[in-house]
Amino acid sequence: MDKTSTQTPVKGRFAPSPTGRMHLGNVYTALLSWLSAKAAGGTWLLRIEDLDPQRSKYEFARQIEDDLHWLGLDWDEGGLDGHGPNGPYSQSRRHDIYMEYFGRLRDSGLTYPCFCTRADIMATQAPHLSDGRVVYAGTCRPAVMPSHDEEPARPHATRLYVPDESITFTDMIYGPQSVNLARECGDFVLRRADGAWAYQLAVVVDDALMGVTEVMRGNDLLQSAAQQIYLYRLLGFKAPRFGHLPLLCNAEGRRLSKRDSSLGMDELRRRHSPDDIIGMAAAAAGLIPHPVPTTPAELTATFSIKTIKTEFQINLL
Ligand code: GLU
């Protein structure tokens, strides 16, 4: 453990996108980030990541809060009522804040306008990574960094230049990581052509301004941590510690999704008590040997991040 982590109180967070009802996989992520913060005597924050205006619904956010309360996963700061000193805690209400930090990057000449459509990007010879993501080929990247007063009138996304440089960090669960920004990420979008803020910019600005010291989330975002660490550096913020969790899989070995309705909170709440569900999530993580009823508070006594299993599969119940 490094010096700062023993001095700064831990602040963890859960940052769901309100695009549907939670399932056991989301409960598991919420539980582990809650436990990691609480076992260290820290606090836990809830942020609503409703950046996507088409897919985010207030009703889903309300339902997520209700499910968390019912499970005994209470937050010290944030949520829809926005209690705490660092609000608002819904991303849809933070436009002016993102604009300010985006403006700093743009005014420093670190961004450029991009006119490529999705089809253009898919049609280029950009390297296709093994997980299906495409590294932007740099079609709109100017040879000379543009001056910010040349903002074009026609609709465009805004991308960040990334250098041919590797970002290294130690993940709390997966250990040492090294990600080359140019080869594995490419120049990434900060603001979409429709004006919506990109997740990468919003998550960094929010975690930094909200004082988050520990980010625990699914391992589908492991590589994003490199892009985020780079943004922390450009904006002059201290990066938090990252811990990425293996994703829960269904009986066919596929990542849980909304289609696995038997593991959705609607069905789970009909058939089980909160303690049953916490027990299932804790057993899936390897915190307890068998899924027996338990509470988040009981699990704090023995919680150790080292016991989290990185390879597992749970059977449909
Ligand atoms: N909002 C993201 C999601 O629900 C999580 C982002 C994060 O934890 O950094 O998948």
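Counting starts at 1 for both ligands and their atoms, following the listed order.
- With a heavy-atom cut-off of 4.0 Å, Val215 does not touch ligand 1 at all.
- Counting only N and O atoms by type, the side chains of Thr29 and Asn26 include no donor and acceptor under 3.5 Å apart.
- Set against the non-hydrogen atoms of Val203, the atoms of ligand 1 under 4.0 Å away are 9 (O).
- If you look at Pro16 next to ligand 1, the close heavy atoms, those under 4.0 Å, all belong to the backbone.
- Of the inter-residue distances, the one linking Ile167 atom CD1 with Tyr230 atom OH reads 7.5 Å to the nearest 0.5 angstrom.
- In this structure, Tyr199 counts as a contact residue of ligand 1, since one of its heavy atoms falls inside 4.0 Å of the ligand.
- Annotation: atom 8 (O) of ligand 1 to nearest protein heavy atom, Arg13 NH1, 2.6 Å.
- Atom CZ of Arg55 sits in a sparse spot, with 12 or fewer heavy atoms from other residues, nucleotides or ligands closer than 6.0 Å.
- Identified under the salt bridge (charged side-chain N to carboxylate O under 4.0 Å, His left out) test for residues 85-99, with sequence neighbours left out: Arg94-Asp206.
- Annotation: atom 3 (C) of ligand 1 to nearest protein heavy atom, Ser17 OG, 3.6 Å.
- If you check which protein heavy atom lies closest to atom 5 (C) of ligand 1, you get Ala15 O, 3.4 Å.
- Every atom of ligand 1 is numbered from 1 in the order shown, and the set under 4.0 Å from a heavy atom of Glu49 is 1 (N), 2 (C), 5 (C), 6 (C).
- A donor atom on one side chain and an acceptor atom on the other are not found under 3.5 Å apart for Tyr199 and Glu49.
- Under the 4.5 Å side-chain contact rule for hydrophobic residues, Leu105 and Val189 do not share a cluster.
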